[in-house]
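Note on naming: letters A, B, ... go to the chains in the order of the sequence lines (proteins, then strands), and numbering restarts at 1 for each one. Small disclaimer: the values here were computed from a predicted structure and weren't measured.
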There are 2 protein chains.
Amino acid sequence: MAVTIKDVARAAGVSASTVTRALTMPALVHPETRDRVRRTAESLGYHPNRAARGLITGRTGNLGLLVPDLGNPFFPSVVKGVQARAHEADYAVFLADTDEDSAAEIGLVRKLSKQVDGLLLCSPRMTDDELRTLVGDTPMVLVNRRLARVPSVIPELLDGMRQAVSHLTALGHRRIAYVAGPRSSWANRERARSARTVVAAAGAELVEIGNVAPQFEGGVAAADQVLAAAVTAVIAYNDLVALGLLNRFTARGIAVPGDLSVLGFDDIPLAAMVHPALTTVALPKEQAGRAAVDLLLQLLAEPDRSPAARRELPTQLMVRASTGPPGTATD
Amino acid sequence: MAVTIKDVARAAGVSASTVTRALTMPALVHPETRDRVRRTAESLGYHPNRAARGLITGRTGNLGLLVPDLGNPFFPSVVKGVQARAHEADYAVFLADTDEDSAAEIGLVRKLSKQVDGLLLCSPRMTDDELRTLVGDTPMVLVNRRLARVPSVIPELLDGMRQAVSHLTALGHRRIAYVAGPRSSWANRERARSARTVVAAAGAELVEIGNVAPQFEGGVAAADQVLAAAVTAVIAYNDLVALGLLNRFTARGIAVPGDLSVLGFDDIPLAAMVHPALTTVALPKEQAGRAAVDLLLQLLAEPDRSPAARRELPTQLMVRASTGPPGTATD
DNA sequence: ACAGAGATCGCCAACGTTTTCATCGATTCT
DNA sequence: AGAATCGATGAAAACGTTGGCGATCTCTGT
């Protein structure tokens, strides 16, 4: 079988306790024996059994990460950030995809919470109340959602929306549509609210359309309503929806940005690959993942302090080819 | 703290062993006590401590999944399939992204192998030799790669390529390019080989270009070489590369499919969203993930039998708008 | 009625680690 | 010089579960 701590102890001529100490509390053993123990451990290929360690310490060395839909390219980016940071800290991460289903989400939180030291909930779809009942059970941090008393990492959406709307009004747009995402999404509620605030402040008019699914199909479905709304620009809940709009507009012969400017949110890699390239508000994705792990690790290290740390990460407008002055269609 | 098996035992008036048996070997206890134990366990909210169980059984109840790049939409689909099937079987899955780096890959296999019952390697980039040294250490199954004596789930690439080339030659193409992906990718070697075989069999001519990174940028980089090769159709290593080609062709004013037909591999969701929609060979993604878990679970259940089970999954050509008869550009 | 078989269950050791607690020199302080 | 402190180590208990072994009891067949 695998090499255990006793094997190392025997080979190094010390007790098991000393081996443990040499490896995890180096200050407590004589430098000479410490090195000897470490060398023999190394040469024997010893790796502590995490189950045994977890049994006594109560820690698993694992983190859990829940995302609504890996199919939305936004989330893989966050996952990458989480992974990178977690592996640096020698944590492994359980990933679970909830398929945009809040019931599945709750079940997975319950199930995973026993197997991890802490949980990362990315854009959870459950209600605030449901979320609250789960908090306290396990250390957790929210990504892309805010809730009182719960640590979270969120983007500066209001500022992102301000950049987007400033861009559009500077181009001359005065009547702008917002295609809303899922009602259960905090990000959507926040974006809608920001849009209202910012558009009003700019003295322009906002038309709200939706809600639609946060996917390509949602955009396709909303496109005709956008056209009927007689706007000159449309801000989509996210890039996937924006791509759906773009697709349907192309199919109906609407020129973008000539007839209609389209603006997304997220800046998924895809946004720069399509034609016309999508103007969008870039959200920090990998960075959010890393920050969330940092927050969680900090929480695990000092459980009592700072009940609700919050990190707000900057956003940035990426101006590409899908936005322009209104009414400049060439044909 | 958490409720342990002793709490349940005390509450139900039996010994800890009986609780264990009532829950995991129901046949061994009297139906009446079994039900009583189960009810009290339920009411106390008892869940066995996995670390303790793992310590004695040597099983973790975890699976590991390695993918080269979550940013490639192909992999999230596989991941989804793996997750779904694993959760059904009450396994949790560790996900790790190797960033297309074979060294990181090897390290992660080593590291994860101690924390899981089995490993799923999706499109591993390491060499056959490296792979072989890792096998035997931990039960593992390969996805999208074949190696003697190792269980694997792969797509019927030759047949997929045959469908693709038949489609192109039926349209009248006689000189076809293949843009190769990473040299370290088995899938690429296999696709290239299939392309040679099938194109030759069809009496057409194949021009090989590359290797490029399996990403959008790879396609962009290869596009001009494709144009210089004077072909009428191009088959890309995968959809991402195909999209890169498409993008660069559009930028250079090349009409697709008028001047040049473009064909991809994978059928990532994105393929249907772009304009023109991409003709591509659809690979079973979620299905491959599920099949791989099935194989692994079967392997864990009966470690000795069938040293190298292999599942080959069918592929299917999705004809969309990026392919057509050669030389029909309208402008 | 009695031996043997089968069903049901409790006791206890074991899994590999961490963590007190105790031990034993060696050093420092008074 | 004796006491107190400190540094380094080992012995043993504990973590929560499982599984082998044996004890008890109820049947069955003779």
**Student:** Show me the side-chain donor-acceptor pairs of residues 79-87 of chain A shorter than 3.5 Å, one per line, residues at least two apart or across chains.
**Tutor:**
residue : atom : partner  : partner atom : Å
A/Lys80 : NZ   : B/Asp69  : OD1          : 2.7
A/Lys80 : NZ   : B/Asp99  : OD1          : 3.1
A/Gln83 : NE2  : B/Leu95  : O            : 3.0
A/Arg85 : NE   : A/Asp294 : OD1          : 2.6
A/Arg85 : NH1  : A/Glu88  : OE1          : 3.3
A/Arg85 : NH2  : A/Asp294 : OD1          : 3.1
A/His87 : ND1  : A/Gln83  : O            : 3.3

**Student:** B/Gln215 versus B/Asn72: any side-chain heavy-atom pair under 4.5 Å?
**Tutor:** no
**Student:** Write down the distance between CZ (B/Arg10) and C1' (C/dC9), rounded to a whole number of angstrom.
**Tutor:** 18 Å
**Student:** Please list all pairs passing the ring pair (Phe, Tyr, Trp, His ring centres under 6.0 Å) test where one or both residues lie in residues 125-154 of chain A, with sequence neighbours left out.
**Tutor:** none
**Student:** Rounded to 10°, tell me the angle between the two end axes of the helix from C/dA1-D/dT30 to C/dT30-D/dA1, each built from five pairs.
**Tutor:** 40°
**Student:** How close or far is atom P of D/dT18 from atom CZ of B/Arg50, stated in whole angstroms?
**Tutor:** 11 Å
**Student:** Take the protein atom CG of A/Asp35 and the nucleotide atom P of D/dA8, then report the distance between them rounded to whole Å.
**Tutor:** 13 Å
**Student:** Keeping to residues at least two apart or across chains, list the ring pair (Phe, Tyr, Trp, His ring centres under 6.0 Å) pairs with something in residues 93-133 of chain A.
**Tutor:** A/Phe94-B/Phe94
**Student:** Identify, with sequence neighbours excluded, every residue that meets ring pair (Phe, Tyr, Trp, His ring centres under 6.0 Å) alongside B/Phe74.
**Tutor:** none
**Student:** Does C/dG10 have OP1 or OP2 under 4.0 Å away from a side-chain N or O of B/Thr18?
**Tutor:** yes
**Student:** For the atom pair CG (B/Asn62) and CD (B/Gln115), what is the distance rounded to the nearest 0.5 Å?
**Tutor:** 8.0 Å
**Student:** With a cut-off of 6.0 Å (strictly less than), are more than 12 heavy atoms of other residues, nucleotides or ligands near CZ of B/Arg189?
**Tutor:** yes
**Student:** Can you give me the N/O atom pairs linking the protein to nucleotides 24-27 of chain C at distances under 3.5 Å, or say none if there are none?
**Tutor:**
none

**Student:** Counting only pairs under 3.5 Å, give me each side-chain donor-acceptor contact of residues 3-12 of chain A, with atom names and distances, residues two or more places apart or in other chains.
**Tutor:**
residue : atom : partner : partner atom : Å
A/Thr4  : OG1  : A/Lys6  : N            : 2.9
A/Asp7  : OD2  : A/Thr4  : N            : 2.9

**Student:** Is there a side-chain contact between B/Arg146 and B/Leu142 (heavy atoms, below 4.5 Å)?
**Tutor:** no
**Student:** Within the sub-3.5 Å range, which N or O atoms of nucleotides 22-26 of chain D have a protein N or O partner, and how far apart are they?
**Tutor:**
none

**Student:** Show, in sequence, the C-alpha distance, side-chain angles and deciding distance for A/Ser102 and A/Thr127, and conclude whether the side-chain contact (heavy atoms from CB on, under 4.5 Å) test is met.
**Tutor:** CA-CA 8 Å; A/Ser102 71; A/Thr127 67; over 6 Å; no
**Student:** I'd like a table of donor-acceptor pairs (distance under 3.5 Å, sequence neighbours excluded) in which one partner is a side-chain atom from residues 18-32 of chain A, with atom names and distances.
**Tutor:**
residue : atom : partner : partner atom : Å
A/Thr18 : OG1  : A/Ser15 : OG           : 3.3
A/Thr24 : OG1  : A/Thr20 : O            : 3.0

**Student:** If you look only at pairs with a residue in residues 111-156 of chain B, which of them pass as a ring pair (Phe, Tyr, Trp, His ring centres under 6.0 Å), with sequence neighbours excluded?
**Tutor:** none
**Student:** Just the rounded figure in Å: distance from C1' of D/dC6 to NE2 of A/His30.
**Tutor:** 15 Å
**Student:** Counting only heavy atoms and a strict 4.0 angstrom limit, can you tell me which residues of residues 21-29 of chain B come near DNA chain D?
**Tutor:** B/Arg21, B/Met25
**Student:** Is a side-chain donor or acceptor of B/Gln287 paired with a backbone partner of B/Leu313 at a separation under 3.5 angstrom?
**Tutor:** no
**Student:** Tell me whether B/Arg145 contacts the main-chain N or O of B/Pro124 through its side chain, where contact means a donor paired with an acceptor under 3.5 Å.
**Tutor:** yes
**Student:** Would you say D/dT18 has OP1 or OP2 under 4.0 Å from some side-chain N or O of B/Thr20?
**Tutor:** yes
**Student:** Has the side chain of B/Glu130 got a donor or acceptor atom that lies under 3.5 Å from a matching backbone atom of B/Ile106?
**Tutor:** no
**Student:** Measuring only between side-chain heavy atoms, which start at C-beta, is A/Leu131 closer than 4.5 Å to A/Leu121?
**Tutor:** yes
**Student:** I'd like a list of close polar pairs between nucleotides 12-16 of chain C and the protein, N/O only, cut-off under 3.5 Å.
**Tutor:**
residue : atom : partner : partner atom : Å
C/dG16  : N2   : A/Ala52 : O            : 3.4

